[in-house]
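Below is one structure, written out as structure tokens; comments come after it.
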Amino acid sequence: MLNAAQQLEQQMPDATRLLSDEPEMESSLHYLQLLLLVTSLEWLWREQNDFFIGANLTIYFSRQQLRNRDFRGPDFFLVKDTEKRSRNSWVVWEEDGRYPDLIIELLSDSTANVDRTLKKNLYQSRFHTPEYFWFSPETLEFVGFELVGNQYQEIVPNSQGWRWSQVLGLYLGIHENKLRYFTAGGDLVPTPEEVAFIAQQQAQQATARANDAELLLQQERERSQRLAEQLRSLGIEPDNLTYPDRTEY
């Protein structure tokens, strides 16, 4: 078995020469959607170093695939329990035979039919990828599947139309015409930009509250000064006034 594995590895192309060979994204909508999926998950898992996210990156898995060039890489894929580092492509035979744990394809007019049929069959039967989702940034078509046995079965959406991903431990759902992640508690997973914006708003609100408090304090000082002046006009020195001890009551 070891010799057969070594022979197979020797027959494979040099992985250092296998660069990603993916076309440009279909539109700015597709590009922004992909960026959103990557950055928000990277932010949520920023303390982890055991996953890899592929964005419009080729997955090389066989010599036949290289020869026929039948399939290109997914728009988005996730591999868990692996080293988080930069890669030019995902080369299965260089990654201990690991295939993606989750794949998301962004549908377009030119790819939708392939994504729904040929690629779905590839991810199901060859990759054995546990979860496969597709989403159209234009029509908002959103479907998700999980591998049950050797067949994909549709993941039933909840009342909000979100579909649970066991791989992510998150929901995937549409929010403001974008595919987003949601926690089990229903909170939107933010992007770093959204986190920074929220922090800026909170800082501005804190500053406004501090300014309001300072204004109230200044108004109280001015009121006390006016009262002191009124007492002095009556021949009463405010500093000489004594106040009853309330503890006696």
Side-chain angles (χ1 to χ4, degrees), residues 5 8-9 12-23 25 30-31 33-66 70-106 111 114-115 118-135 143-153 155 163-172 179-183 189 191-192:
L8 177 62
E9 184 175 356
M12 290 299 183
D14 182 356
T16 62
R17 299 181 182 180
L18 295 178
L19 303 179
S20 186
D21 185 25
E22 299 305 305
M25 299 302 293
H30 290 76
Y31 173 79
Q33 175 62 75
L34 181 59
L35 185 64
L36 188 59
L37 289 170
V38 173
T39 56
S40 54
L41 191 59
E42 287 274 9
W43 169 256
L44 182 65
W45 290 353
R46 60 192 178 279
E47 303 297 331
Q48 299 179 215
N49 292 298
D50 58 352
F51 67 94
F52 176 76
I53 294 175
N56 201 32
L57 201 70
T58 302
I59 296 175
Y60 292 105
F61 58 92
S62 72
R63 180 176 289 277
Q64 180 181 358
Q65 174 224 14
L66 290 174
D70 289 335
F71 299 100
R72 294 184 179 273
D75 292 318
F76 175 100
F77 69 87
L78 169 71
V79 183
K80 299 177 69 176
D81 301 319
T82 190
E83 183 182 0
K84 186 180 180 182
R85 59 179 174 82
S86 176
R87 291 169 171 85
N88 294 323
S89 60
W90 184 265
V91 183
V92 169
W93 59 88
E94 292 290 334
E95 303 285 352
D96 297 325
R98 291 293 308 279
Y99 286 88
D101 296 298
L102 175 143
I103 289 174
I104 301 174
E105 292 286 6
L106 302 179
T111 67
V114 171
D115 292 337
L118 296 179
K119 280 195 172 183
K120 180 186 175 188
N121 185 62
L122 175 71
Y123 302 153
Q124 170 187 271
S125 303
R126 179 64 183 265
F127 286 19
H128 303 290
T129 294
E131 294 179 352
Y132 174 44
F133 298 84
W134 68 59
F135 172 70
V143 183
F145 303 90
E146 59 182 345
L147 197 63
V148 179
N150 294 319
Q151 297 290 322
Y152 274 141
Q153 292 187 9
I155 299 172
R163 299 175 191 267
W164 177 254
S165 166
Q166 192 66 38
V167 171
L168 293 169
L170 299 167
Y171 283 106
L172 279 163
L179 186 63
R180 301 294 301 265
Y181 306 108
F182 298 87
T183 66
V189 175
T191 65

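Basis for what follows: all heavy atoms, side chains included, without hydrogens, waters or symmetry-related copies. If you read the sequence from its start, that first residue is 1, and numbering goes on from there.
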Side chains of [X] and [Y]: does their closest heavy-atom pair fall under 4.5 Å?
X	Y	result
Ser165	Leu170	no
Phe135	Leu37	no
Ile155	Leu172	no
Pro192	Arg46	no
Leu102	Phe133	yes
Arg126	Tyr99	yes
Asp75	Ile104	no
Ile53	Trp45	no

Anything under 30° is parallel, anything over 60° is perpendicular, the rest tilted; go ahead and classify Phe127 against Tyr123.
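Rings of Phe127 and Tyr123: tilted, 30 to 60°.
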
Mind telling me whether Phe76 and Tyr181 have parallel, tilted or perpendicular rings, with 30° and 60° as the class edges?
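If you compare the ring of Tyr181 with that of Phe76, the planes turn out tilted.
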
Exam field: side chain [X] to backbone [Y], donor-acceptor pair closer than 3.5 Å:
X	Y	result
Thr191	Thr39	no
Glu131	Val167	yes
Trp90	Arg98	yes

Ring centres of Tyr171 and Phe182 under 6.0 Å apart?
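Here the rings of Phe182 and Tyr171 have centres that are no less than 6.0 Å from each other.
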
Give the minimum heavy-atom separation between Thr58 and Ser89, together with the two atoms involved.
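Heavy atoms only, the tightest pair is O-CB, 3.6 Å.
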
Which distance, rounded to the nearest 0.5 Å, do you find between the [atom1] of [X] and the [atom2] of [Y]?
X	Y	atom1	atom2	result
Lys119	Ile103	NZ	CD1	8.5 Å
Lys120	Tyr132	NZ	OH	8.5 Å
Phe51	Leu168	CZ	CG	10.5 Å
Leu44	Thr183	CG	OG1	9.0 Å
Thr129	Leu122	OG1	CG	8.0 Å

Name each donor-acceptor pair under 3.5 Å that joins a side chain in residues 143-151 to protein atoms two or more places apart or in another chain, with its distance.
none

cation_pi(Arg87, Phe52) dist<6.0 Å, angle<=45:
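Ring-cation test returns yes.
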
Residue list, salt bridge (Lys or Arg N to Asp or Glu O under 4.0 Å) with Arg85, at least two apart or on another chain:
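Only Glu83, Glu95 meet the salt bridge (Lys or Arg N to Asp or Glu O under 4.0 Å) criterion with Arg85.
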
